[in-house]
Amino acid sequence: MNGVYVLEKLILIDGNSIANRAFYALPLLSNSSGLHTNAVFGFTTMLLKLIEEQKPTHFLVAFDAGKVTFRHADYKEYKGGRAKTPPELSEQFPLIRELVQAFGIPQFELAGYEADDIIGTMTRLADEKGLDVVVVTGDKDMLQLASEHVTIALTRKGISEVELYTPEAIREKYGLVPKQIIDLKGLMGDASDNIPGIPGVGEKTALKLLHEYGSVEEVLARADDISGKMKDKIKEHADDARMSKELATIYREVPMEMKLDELQYAGYEGPTLGAMFRKLEFKSLLDKMDLSGGDAGAEGAEAIEVDVVERGSLGALADALADVEAVHFEIVGENPHVSDVIGLALRMSSGKALFVPADLLDAPEAEPLRRWLADEDAGKIVYDMHRTEVGLHWKGIELRGVTFDVLIAAYLLDPTESTHTLNELAGRYGLPAVPADENVFGKGAKFKVPDVGPLSEHLARKADLLARLVPVLKDELEKNEMNRLYYELEFPLARVLAAMEKRGIRVNADDLKQYGGELGKSIDALVEGIYKAAGTEFNINSTKQLGEILFDKLGLPVIKKTKTGYSTDAEVLEKLAPYHEVVSSILNYRQLAKLQSTYVEGLLKEIRPETGKVHTYYQQTIAATGRLSSQFPNLQNIPIRLEEGRKIRKVFVPDEPGWNILAADYSQIELRVLAHISGDDRLKDAFRNDMDVHTKTAMDVFGVSEADVDANMRRQAKAVNFGIVYGISDYGLSQNLNITRKEAAEFIEQYFAVFQGVRHYMDDIVRQARTNGYVTTLLQRRRYLPDINASNFNLRSFAERTAMNSPIQGSAADIIKLAMVQIAERMANEKVRSRMLLQVHDELVFEVPEDELELMKKLVPEVMEGALQLDVPLKVDVNYGVNWYEAK
DNA sequence: AACTTCACG
DNA sequence: ACGTACGTGAAGTTC
């Protein structure tokens, strides 16, 4: 009537029912570790078949949650007498949940309800929306749900075949309308669920009665019309019949907030499913579906045509550059600031490849190539633009005009993967395999750059794969609604980061050495005292030796153990301090030794003699939450909390005399993000009124006025706020506050009673994780949580906390990254001399000439606060001084 | 290479 | 009952 009618089909699976069917239908297979997999296998074949034959656009697998449902409140014998689920089957449920997740199918369960009720509710919702629905189950009761749009697929003989029941089919077979299925069961009962019905009434009699009277109520009302013994039986068991009918009625008003949109199904990802099948050892399916992928090695792969460019042919190369699609640079070593560029492979639009050895890059004849690399208008696809740009920089070559970075895309599509090597990406996205670098170069001491033949072949393969990956990755980004995240945030950020790293930050080596000298004296004195107190010399850095001294020799109480022996961490030592004077000396020693080794000696080693600066390297594709990380040296963990360490910051100075270090940090960005995404009114109010959020939390949780919040209450409230951001648990909070778990639990309950929006968010986000298998940030950054349905309590709890934390930490990361891109743009437009130097998660550090101080003090917070509009204001504090220490 | 400890947000 | 707070990187010791 109005526009195009899109055909949508929702499949709803009764997970428990199908698992049961599969289990009893198939022989008890088990894999090499002795785990049974027959039900999982049956479930798999069922899913594959449904996907192929039904082509669902929406999908849900519903599971029963727990043992007790609302039905037990009415009839405690419900499902009583049923044989316990055999362990061979129950052990398969976690696998089935993982399997469903690997298929990318949403799953759902709700405490107190059975899968039937969830499905009943979904069919009602889908029916209202006009979707076609297929319900897959082994349970005949579900036939009551059949309607114009809802078809019931009942498993038949095992699970290999299903029989489809429309209302017509039900009428043909039983002469009933779907609703009367409930009456049928009310009369005949169901032995397997311990529903009594009327004794002596089986299917035949029940059908006869229903054909005549229509419903249980009618049968009971007109029992007198019925002849013989049946009349007495019916009268005698009238209540049983009524209750049985009630028990058999599927509840279609389950209070769930699941939206149909959340059930969209776009099909499975071969590599994910392949990995699951490998785990389950479903070899036949792997082969049949050709999911083997991965590191198949180069044998099977087609040879790739690659020409090695020589000095004499560099001129000819210049003419070919217009036809380059992708470039792969091989830069060995972890730190691109000090790495060797070995060469590059150009993948031409013809499919052929050219290899340029690194030594040619410096040749005068390579000028056209260098110009092409630096040409903003010469588009090129690369892997890790940021790293390449840095690596080339130290060779005096610029890289510009990159149109797509494969690494960043791969990272966004699954930030939890530990690496995204091209070898892995080939497997992940089902493209022709590329050997692992390790197999070509060797690793560790055996690392060796191979001869030009195999080297050029390998790089050519990688460049070729880059070109092939691009359409696939673009497609995936689009599907995940990550275009903005990619094109407006991560991709432009890569160049901002490269620029910051190339610039570096000046470190005053002389001051640092002097500080190290002072530290050295203090450390020596402490060491002497410790040896004396211990009565022997030993390696204080060795936890093993330290443990022997403290616990065996001095007989101090063991507070905590580690995997390998006694724990001697700061928490333990603080508890031991009252017992022996040596302990506090050890704590002091630890503190100073850390400063000396990591921050004095470590930092000195990282100062580049050519520049007198340290050039950190930001990893943009490591952290699962979307944060950056910093290496060589790590400039995101320079001491600040303790004054002694904080002094280190004095050696970080501006590059030019008379300039300032300016630091701008977000105030409480994570709690502001939480206020925004949870929509919690009280939390929002706190920030809208620019209150001290910990004090406000203390007021609300303890129910006192602002004046009555003492330091201790604020401290506890602060710990609770931290806990909330981390995905709170009573245990974690009790550890942090040194209180009992019970007290911690009461705190948390108090908090949630007040901040109900936050509680709602926490429940909701975990539910989302369970159904989708992932959670997202404000800018659609995704984090997958494969353990969210694990049967192992620890794994599952960890995943739940991660589900709560990641959107918060990740959204904060989104915001500051967005600000960085915008600030870089503004600074370029305003043509300032000031430079952005560092990012420390919620802080940006700049060096600023005196005459730009006023401008930057205004520009930086303005952009940071406006980077992303939230329901609460973002607040930024700005400070500056002659070094990083003074910018406080 | 694994483990422990500790620095930061 | 279970037993960890979330996210990183670096240094030192031990195996």
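First the proteins, then the strands, lettered A, B, ... as listed; each starts at 1. All values derive from a computational prediction rather than experimental measurement.
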Where the side chain of [X] is defined as all heavy atoms beyond and including C-beta, which of [options] is the nearest nucleotide?
X	options	answer
A:Phe798	B:dA7, C:dG12, C:dC6	C:dC6
A:Gln591	B:dG9, B:dA7, C:dT8	B:dA7
A:Ser597	C:dG9, B:dC8, C:dG12	C:dG12
A:Tyr731	C:dT4, C:dG9, C:dT13	C:dT4
A:Tyr599	C:dG12, B:dA7, B:dT4	B:dA7

For [N], does OP1 or OP2 lie under 4.0 Å from any side-chain N or O of [X]?
X	N	answer
A:Thr598	C:dA11	no
A:Ser542	C:dT14	yes
A:Ser629	C:dG7	no
A:Arg741	C:dG3	no
A:Arg783	C:dG7	yes

Keeping the roles fixed (side chain from A:Arg608, backbone from A:His337), state whether a donor-acceptor pair exists under 3.5 Å.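 Side chain of A:Arg608 to backbone of A:His337, a donor-acceptor pair under 3.5 Å: yes, one is there.
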Donor-acceptor pair, side chain of A:Ser630 and main chain of A:Leu635, under 3.5 angstrom: yes
Relative to the 5' end of DNA chain C, which residue comes earlier, A:Asp730 or A:Ser630, by the nucleotide with the nearest heavy atom?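 Comparing both residues, the 5'-ward one is A:Asp730.
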Determine the contact category for [X]: base if any of its heavy atoms lies under 4.0 Å from a base atom, sugar-phosphate if only primed atoms, P, OP1 or OP2 are that close, otherwise nothing.
X	result
A:Val840	sugar-phosphate
A:Ala813	nothing
A:Ala799	nothing
A:Gln631	sugar-phosphate
A:Arg590	sugar-phosphate
A:Asp665	nothing
A:Ser806	nothing
A:Thr568	sugar-phosphate
A:Gly727	nothing
A:Glu843	nothing
A:Asn736	base
A:Ala624	sugar-phosphate

Counting C-beta onward and ignoring hydrogens, is there a side-chain heavy-atom pair between A:Lys817 and A:Glu490 closer than 4.5 Å?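 The answer is yes, as the side chains (C-beta and beyond) meet within the 4.5 Å cut-off.
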Aromatic rings A:Phe722 and A:His694: how do their planes relate, parallel, tilted or perpendicular, breaks at 30° and 60°? parallel
Check: [X] side chain, [N] base, donor-acceptor under 3.5 Å:
X	N	answer
A:Lys563	B:dC3	no
A:Arg801	C:dT4	yes
A:Ser797	C:dT4	no
A:Gln809	C:dC6	yes

When you look at A:Phe702 and A:Phe747, which way does the ring pair (Phe, Tyr, Trp, His ring centres under 6.0 Å) test go after all the steps? CA-CA 9 Å; A:Phe702 297 113; A:Phe747 263 135; 5.7 Å; yes
Under 3.5 Å, is there a donor-acceptor pair linking the side chains of A:Arg590 and A:Thr568?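 The criterion, which ignores hydrogens and geometry beyond distance, is satisfied for A:Thr568 and A:Arg590.
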Judged by modelled atom types alone, do A:Asn541 and A:Tyr589 share a side-chain donor-acceptor pair under 3.5 Å?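 A:Tyr589 and A:Asn541 do have a side-chain donor-acceptor pair below 3.5 Å.
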Base-pairing assignment for C:dA11 (Watson-Crick or G-U wobble, both under 3.5 Å):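 Looking at the geometry, C:dA11 pairs with B:dT4.
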What is the base-pairing partner of C:dC2, counting Watson-Crick and G-U wobble geometry with both distances under 3.5 Å?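 In the structure as shown, C:dC2 has no Watson-Crick or wobble partner.
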Distance between the P atoms of C:dT4 and B:dC3, in whole angstroms?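 C:dT4 and B:dC3 have their P atoms separated by 15 Å.
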Using the P atom on both, measure C:dA5 against B:dT5 and round to a whole Å. 12 Å
